Amino acid sequence: DGFRTTEWTTELAYQSAYECLEFQISCDFRYLVAPTRFREGMPSDYIESQTTLFVDPFINAYIDLGKPKPLLLQIILTDQMLKDKSYITEVLNWVTGIQMIEGVYLIYQHTRTHKQVEDIEFLLSVNHFIKSIKESGMVVVIGYMNTESIPLMCAEPDIITIGTYEDNIYFVNVTD
C-alpha cells in the first residue's frame, strides 16, 4: 500500500534497508548502495534526518548481512548545498566520518533553464566535492550525468553514469 514519510519508523526503515540490501546482493552488484531522500534547498536538519532515516538503518542491516560487499551512501545534493562552503564542509565531514561507508553515489539537483549545465561555479563546486571525497580514500560514483560528465572527470571519480537527457543511462568505469 505504500507509506508516508511521516510514518517511516525505525522498524520499517531497518526492514526496508535489509530487504533492499538483500536484493542488491542477490543481483551481485559490485557495490551495495544505501539510498537517501532528496531534500530541497539547504535544510538545517539534513545530516540528522539522513542519518536517522537511512544511514543508521542501512548500516545496521549491512552489519547483520555480514558486510558482503562495499557499501556506498547515496548523496543527493542541491546546487545551494554545493555552493555554500560551510554547509558542504559539514556534509563532507559527516560523510567521510561514517564508519562502514566505502564511498558515495553522488546525485545532484541543479535548477536550470537549459538542458546542459552552464553554471561554472556549480560545476567547480561539484568537482571540489568529488575531489574531497576521493582524497579521503573513498569511492565516488556520479549518477545521472550528461555532457557535464566531461569536466567532472577532472576530479577523477571512480564511476560515472552517463546518458543523454531523455535516453537510457550507461555506466562508465573511469578507472579501467
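Remember, it's a predicted structure, so these values are computed and weren't measured experimentally. Scope of the values below: all heavy atoms of this structure, side chains included, with no hydrogens, waters or symmetry mates.
- Rounding to the nearest 0.5 Å gives a distance of 12.5 Å between CG of L92 and NZ of K85.
- Hydrophobic clustering, with ILVMFWY side chains joined whenever heavy atoms are under 4.5 angstrom apart, groups I25 together with F58.
- A 4.5 Å side-chain heavy-atom check between L72 and V104 finds every atom pair outside the cut-off.
- Taking 4.5 Å as the limit, every side-chain heavy atom of E90 sits out of range of all side-chain heavy atoms of Y46.
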Trace of the side-chain hydrogen bond (donor to acceptor under 3.5 Å, both in side chains) decision for D64 with Y14: CA-CA 11 Å; D64 290 348; Y14 174 82; 2.4 Å; yes
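- In terms of hydrophobic clustering, with Ile, Leu, Val, Met, Phe, Trp and Tyr side chains grouped at heavy-atom distances under 4.5 Å, L32 and I63 are assigned to a common cluster.
- What you find for T36 and I76 is that their closest heavy atoms are O-CD1, 4.0 Å.
- Using a 4.5 Å heavy-atom threshold, the side chains of K69 and R30 count as separate.
- For Q74 (side chain) and A34 (main-chain N/O), no donor-acceptor pair under 3.5 Å exists by modelled atom type.
- Inter-residue side-chain proximity for L106 and V126 is flagged as met; some heavy-atom pair is nearer than 4.5 Å.
- Rounded to the nearest 0.5 angstrom, Y108 OH and M81 CE are separated by 15.0 Å.
- F29 and Y105 fall into different hydrophobic clusters, where Ile, Leu, Val, Met, Phe, Trp and Tyr residues are linked whenever their side-chain heavy atoms come under 4.5 Å apart, directly or through other members.
- Residues I88 and L77 have side chains in contact (heavy-atom distance under 4.5 Å, counting atoms from C-beta outward).
- Using a 4.5 Å heavy-atom threshold, the side chains of F129 and L124 count as separate.
- Taking CE of M100 as the start and NZ of K67 as the end, the distance is 4.0 Å to the nearest 0.5 Å.
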Verdict with reasoning, S26 to F23, per side-chain contact (heavy atoms from CB on, under 4.5 Å): CA-CA 5 Å; S26 73; F23 171 76; 4.2 Å; yes
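- Residue Q24 holds its CD atom at 11.0 Å from OH of Y62, rounded to the nearest 0.5 Å.
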S86 and D84: CA distance, side-chain angles, deciding distance, side-chain hydrogen bond (donor to acceptor under 3.5 Å, both in side chains) verdict: CA-CA 6 Å; S86 62; D84 186 293; 3.0 Å; yes
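- Judged by distance alone, with hydrogens and angles left aside, the side-chain atoms of S136 form a donor-acceptor pair with the main-chain N or O of I133 at under 3.5 Å.
- For the pair V95 and I75, the minimum side-chain heavy-atom distance is below 4.5 Å.
- Taking CG from L71 and CD from Q99, the interatomic distance works out to 12.5 Å, rounded to the nearest 0.5 Å.
- Under 3.5 Å, the side chains of N60 and Y18 contain no donor-acceptor pair of N or O atoms.
- For the atom pair CD1 (I142) and CG (D158), the distance works out to 9.5 Å, reported to the nearest 0.5 Å.
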E121/K83 under side-chain contact (heavy atoms from CB on, under 4.5 Å): CA gap, chis, key distance, verdict: CA-CA 7 Å; E121 182 185 345; K83 289 181 179 180; 3.9 Å; yes
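- Between T51 and I98, the closest side-chain pair of non-hydrogen atoms is not below 4.5 Å.
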